[in-house]
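Below, read A as the first sequence line, B as the second, and so on, with proteins coming before strands; counting in each chain starts at 1.
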Amino acid sequence: MSASHHTTIIILLLSNAIKAGTILLFPTIGEIFAERVGILNLGVEGMMLIGAFFGFIVTRLTNNPYLGFIAGVLAGGIASLIHAFISITLRGNQIVSGLALTIFGAGFTTFYGQRWINMNLSASFENLKLPVLSNIPVVGSILFNQDIIVYFSYILAFVMWFILYKTMIGINLRAVGENAKAANAMGINVYRVRYIWTFFGGLMAGAGGAYLTIGYAPFWLDGITAGRGWIAIALVIFAMWDPLKAVVGAYLFGSINALQFQLQATGTTIPSAILNMLPYLVTFIAIVLTSIIVKAKHIRPPKELGIPYSREEK
Amino acid sequence: MKKFASLILVVFIVMFGIGYTSQAKNSKIKVAFLYVGPHNDGGWSQAHDEGRIYLQKHLPYVETAYSESVPEGAPCEKIIRDYIHKGYKVIFGTSFGFMDSMYNVAKDYPNVIFEHCSGYKTRKNMGTYFGRMYQADYLSGLVAGMMTKTNYIGFVAPFPIPEVIREIDSFTIGAREVNPKVEVHVIWTNSWFNPVKERSAAETFIANKADIIASGCDSPASIEGAKKAHIFAIGYDRDNYAKFPNTLLTSRIWHWGVFYTKTLKEIHNGTWKATQYWGGLKDGIVGLGKFGNKVPKKVRNYVLKREKEIIDGKLKIFEGPIYDNKGKLMVKKAQELSDKDKLSLQWFVKGVVGNIPNK
């Protein structure tokens with residue numbers, strides 16, 4: 001086979017890898033912000049399922065993928081308010097509440113999703129070649145011949161990074177996650193900040209789920225997220241709570257996912273069960289490696305992650 | 001209080017009476033079906049459900065019910081026992097994983113008839129049934145072999161088990177009979193029904209210049225991928241022609257209704273015996289779906305000719321010489337692979353690019 005043929009294969013595979021990575025990028029960024037304000041939300045998988053489900057149904061009914069996407073985003077956000085209420089207002093155990101949300105999301109979507117199984121969508125996001133940028137050899141065809149949601153995720157990652165590190169909003173929200181009492185003393189409304197960013201985490205999980213069913217599958221299936229919510233939570237650590245590093249993690253996972261199929265298609269002798277495991281295995285290894293780096297560089301999770309806050313308690 | 005209690009008693013008696021009379025009036029044979037997936041999964045379970053509806057429509061003395069997404073193991077056993085307590089006399093289990101549950105319950109109820117799809121355990125009151133899908137696979141391979149221009153065909157496959165390997169092998173034999181340059185590439189999804197994985201596998205083949213995607217998985221996701229890339233697909237389980245008239249070349253289809261009516265007629269006449277049924281094109285339990293709009297007359301005629309030869313017993317698909325994909329002679333000239341060897345097939349024929357794990 002010629003070299004140009006190999007380049008075409010690589011371009012097509014990596015451009016699919018970006019799409020697969022986008023499904024993870026949204027929830028990872030969302031969870032980064034929830035954790036930055038001290039709220040650990042293990043309900044990402046459940047919120048993604050809810051977003052995927054409503055995104056699918058609304059697209060199916062309206063034939064408008066953008067409307068569907070917005071519906072999925074909002075559904076994820078609404079689901080996150082359950083967790084916000086329990087962990088912020090009621091000061092309940094965040095781990096239990098998050099897990100409950102995941103179980104709820106799976107149960108809810110399985111139950112109401114029965115009659116939608118195997119239905120497909122006729123409307124999906126179309127690729128949009130960006131002028132000039134898409135002419136860059138190789139990289140241009142991989143990054144800039146994508147659909148609008150992917151472009152939105154590029155911008156989002158950058159904007160969120162900017163907000164987190166370069167604005168007053170970012171300083172305030174980080175303060176809430178580091179030391180809520182001090183933040184309160186500074187005049188920040190801790191409850192409100194925590195609610196806003198937990199809700200944002202839900203919106204983003206919904207976005208990831210909706211992109212999965214509308215832009216990627218486009219099908220409905222029980223448990224269609226297949227553990228991607230958990231991968232997103234792992235990627236938060238991999239990204240060291242930084243939205244731009246989340247981009248790297250998400251695309252890495254997407255590429256490994258594409259690679260396992262490519263290896264099989266070329267007739268590799270590695271058993272397919274091992275190949276199917278590859279993305280999870282790589283995530284695991286990546287987490288171990290970053291944990292070591294995190295320790296060496298004294299980077300740590302937000303100090304009050306998972307700790308309820310009460311204004312009355314001294 | 002006394003009044004209330006007597007009222008309840010009256011209600012109970014009346015209800016019991018109604019229940020009793022309705023049961024006495026009902027002389028239909030009650031038949032229950034167990035599905036591994038949703039009844040509308042677009043594939044395997046739906047094909048069985050269409051068989052159930054066919055049965056219901058053709059035999060007036062039959063009454064049917066089904067349970068969908070039945071888990072394997074203990075819950076399955078409970079569902080079967082519940083049906084029997086409700087008076088069901090025939091149980092069809094449509095997934096391999098129901099085998100042991102059915103086998104256990106069948107021992108306790110010698111008067112209930114059990115039929116298990118794709119398994120191998122039998123009792124006096126428990127038979128097995130399956131179809132020679134490889135015959136339809138071969139025919140669809142002929143179509144693919146004649147239609148491909150890149151000579152790269154992708155096969156999205158669920159599990160590396162004999163049933164699926166047999167499909168890929170016979171498909172490849174068909175494709176290479178008419179086009180020796182064809183390579184059939186295999187990706188395992190390790191799942192019967194996972195549209196996302198099936199779609200990803202199809203996308204990978206498309207990136208590698210495949211112009212036809214075949215699937216042994218139970219969702220139409222790979223057909224969807226082929227449609228988007230403007231290439232062809234070969235369907236499985238049931239005919240999705242109406243949905244993809246320009247993408248599908250043809251489909252390999254189960255007609256379970258044929259077997260279900262045959263079995264119920266035998267039960268009704270009192271001639272039923274537990275057997276290991278393995279019907280083929282001749283019996284009508286498997287077959288090809290409609291040809292796609294893009295399949296030329298010449299191709300259709302050739303395939304129909306070969307189909308007739310199989311039905312007449314003139315053409316044997318697994319007849320030697322057959323080499324495996326490492327070049328070893330597996331079936332000698334003028335010999336045919338026995339049914340036993342077909343049922344335990346664990347190697348790929350020449351022309352398949354793929355790997356069978358644990359071999």
Heavy-atom count around A:Ile148 CD1 within 6.0 Å, excluding the residue itself: above 12? no
Under a 3.5 Å distance rule, please check whether A:Gln264 uses its side chain to pair with a backbone N or O of B:Gly354 as donor and acceptor. no
With a 4.5 Å limit on heavy-atom distance, are the side chains of B:Pro38 and A:Arg115 in contact? no
Can you find a pair of side-chain heavy atoms, one from B:Trp188 and one from A:Pro271, that are under 4.5 Å apart? no
Among B:Lys209, B:His39, B:Glu224, B:Glu198, which residue has the highest count of heavy-atom pairs closer than 4.5 Å to chain A? B:Glu224
With a 4.5 angstrom heavy-atom cut-off, which part of A:Leu275 approaches chain B: side chain, backbone, both or neither? neither
A:Leu13/B:Thr204 under side-chain contact (heavy atoms from CB on, under 4.5 Å): CA gap, chis, key distance, verdict: CA-CA 7 Å; A:Leu13 289 177; B:Thr204 308; 4.0 Å; yes
More than 12 heavy atoms of other residues, nucleotides or ligands under 6.0 Å from OH of B:Tyr323: yes or no? no
How close do A:Ile9 and B:Ala207 get, counting heavy atoms only, and between which atoms? CG1-O, 3.4 Å
Kindly compute the distance separating OG (B:Ser69) from CG (A:Asp222), expressed to the nearest 0.5 Å. 6.5 Å
Heavy-atom proximity to chain A below 4.5 Å, by part of B:Lys197: both
Looking only at non-hydrogen atoms, find the nearest pair between B:His185 and A:Ala265 and report the distance. ND1-O, 2.7 Å
So, A:Gln262 versus B:Asn208: side-chain donor-acceptor pair below 3.5 Å or not? yes
Does any heavy atom of chain A fall under 4.5 Å from the side chain of B:Glu68, the backbone, both, or neither of them? side chain
Find the one option among B:Lys227, B:Glu183, B:Arg199 whose heavy-atom pairs under 4.5 Å with chain A are most numerous. B:Arg199
Relative to chain B, which segment of A:Ser15 carries a heavy atom at a distance below 4.5 Å: side chain, backbone, both, or neither? neither
Is A:Phe219 close to B:Pro220 at the side-chain level, that is, under 4.5 Å between some pair of heavy atoms? yes
Is it the backbone or the side chain of B:Asn194 that comes under 4.5 Å from a heavy atom of chain A, or both, or neither? both
Name the member of B:Thr189, B:Val196, B:Ile206, B:Val352 that forms the most heavy-atom pairs with chain A at distances under 4.5 Å. B:Val196
